[in-house]
Amino acid sequence: MSDIVFELTEVHYSYPGKFPALCGIDLTVRSGEKIAVIGANGTGKSTLLQLLDGLIFPHKGQVSAFGERLSEWAHTDENAAHRFRKRVGLVFQNADIQLFCPSVKEDIAFGPLQLGFSTKEVERRLLEVSGVLDIRHLLDRVPHQLSIGEKRRVAIASVLAIDPDVYLFDEPTAGLDPSTVRHIIDFIVEANLRGKTIITATHDLHIIGEIADTVYVFGRNKQIVREGAPESVLSDRSFLEANNLVHIHRHHHNSKEHLHQHMPLEPHE
Amino acid sequence: MYKPSHRKSDFIERSILSALAFLKDATLSEEYANRRGFLQSLDPRIKTISFLAFLVTSISLKSAVLISALYGLCLILVIFSAIPVGYFLMRTLLFIPLFSLCIVLPTLFSAVTPGEPLWTFHLFGINAIITRQGLGGAVLFVVRIATSVSLVVLLSLTTRHSELLKVLRFLGVPQIFVLTVSMCYRYLYLFATMVENIFTAIKSRVGVVSQQQQGRQIVAWNIANTWNRTTQMSEEVYMAMLSRGYTGEPRLLSEFHAMPRDWAWLFCALIACAGLLYRGHTL
Ligand SMILES: Nc1ncnc2c1ncn2[C@@H]1O[C@H](COP(=O)(O)OP(=O)(O)O)[C@@H](O)[C@H]1O
Ligand SMILES: [Mg+2]
């Protein structure tokens, strides 16, 4: 099957000296799919994305990408690594980690330069990508002095400059203002329409209706506890509650206090 | 009830916070590098080379007068580069020569630099004699330090940090070294912010940072925690590099465009240095 992007079988992963972070994940991702991985903090979403990006390797089970098993070659064999890196891009949860260059311009150019694109091509991409993400005015700035929203857009630009087939997003909308969230969702939806495969880890249930056709829910047991269309998962109130994905708010309305639960598809009051 | 000695802890607290603020400001502010001024408009490579020439000249010259001329040139450049002279003097003259003064003070005296007595006085029953040779050497030393420091500060004030790093690469420093330096610098800021945040967190929990047992434990715990976070961060940064195709040999952007006026400046700078050195030789 040539359209399978990722295939995970019985994947286990533990951080050194810690409790396991993933306990038996089976997952198949096809080309052009739009997937969300949701789960409370610490359920292993970031770990999964790092496995998919060939940054860490499972202790048990295996991860294959494009029909090839991911293993140390992703770090040691330069040609194979470059072929893989051109196809898969990860936007890290922490933009401060992802942006390590002294200027925004250099951060965006870093990927394409490592992957051997010509200087001319790198400059073309720099211009194009900074236009798409509306960060042209930031090119000469120092990344760490930007706002969270600007950092996030630069981080996305640094991956877009590689123009991969598969985008992995780790909590792309966490902590952002509504208009930046909108911008990023539009970016994701558009990329998918252009045929890109999208895998997003998030616990922001308000956005998954737009950014996903299929949702995988990670539970406290570090396994996939549910899989389905966003609507069917989101409408299961007790299931979401059991997995710490919705919370109960205490509100004041007309000086009367009452408890109510926020459902993801309803607007936040 | 335990009463913390407010004065002392306040002083320490203020010192730490202002040191952090200074670190962030001194190393990371690019306000002046972004202004429109003469030095800012020069090609960073050529600017750096001309400043290296000035530095070598100021170190080679043995006449305080000639070095002062170079210092005067430096101040003129400050004015033409839209940097407030007061701020510049503060940053250079106030701090660093103070240290050098401490170094040269002993050499003034006959016990360290023997020679023709210039001034004799009694201090705690000791006969102290300042010698002409000692004074001359001290003046030369201070002027030289002040000039060198001013040159370095002026170069770093008027050049964006990312460009200075690119110049290092241009001058033949290996890319991996440049990348490492740029990252250290980059994460210095995060580290400073982290320490600041931790400090605020401790304060909000303990009230003041004091000698209290509880305070000390929190500080110790936070130092360990900060260390953990930094090492974990370096692993993650490495992953972020791998993720974008890094395989051990960094390739970085380099784009410089030297124009005729850059070459004209370099020519003038080298002529000035040669003139000063010649004058110093014939003096
Ligand atoms: N670098 C690390 N070292 C040790 N443990 C880690 C590390 N990163 C994550 N973990 C642990 O692994 C588990 C899964 O973490 P993570 O994948 O980051 O979850 P999520 O992204 O869903 O919040 C958590 O229990 C977390 O504490
Ligand atoms: Mg995470």
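Each chain gets a letter, A, B and so on, in the order the sequences are listed, and its residues count up from 1. Computed from heavy atoms alone, side chains included, the values below leave out hydrogens, waters and symmetry copies.
Residues of residues 155-164 of chain A lying within less than 4.5 angstrom of chain B, judged on heavy atoms, are A/Ser158, A/Ile162 in numerical order.
Surrounding CZ of A/Phe19 are at most 12 heavy atoms belonging to other residues, nucleotides or ligands under 6.0 Å away. Sparse packing is recorded around CD1 of A/Ile148, with 12 or fewer heavy atoms of other residues, nucleotides or ligands lying under 6.0 Å away.
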field: Check against side chain to side chain contact (heavy atoms under 4.5 Å, CB included), B/Phe38 and B/Arg261
entry: CA-CA 11 Å; B/Phe38 174 67; B/Arg261 61 190 299 255; 3.9 Å; yes
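Between A/Ala109 and A/Leu126, the closest heavy-atom pair is N-CD1, 4.4 Å.
Between A/Arg30 and A/Ile4, the closest side-chain pair of non-hydrogen atoms falls below 4.5 Å.
Atom OG1 in B/Thr48 sits 5.0 Å away from atom CG in B/Leu155 (nearest 0.5 Å).
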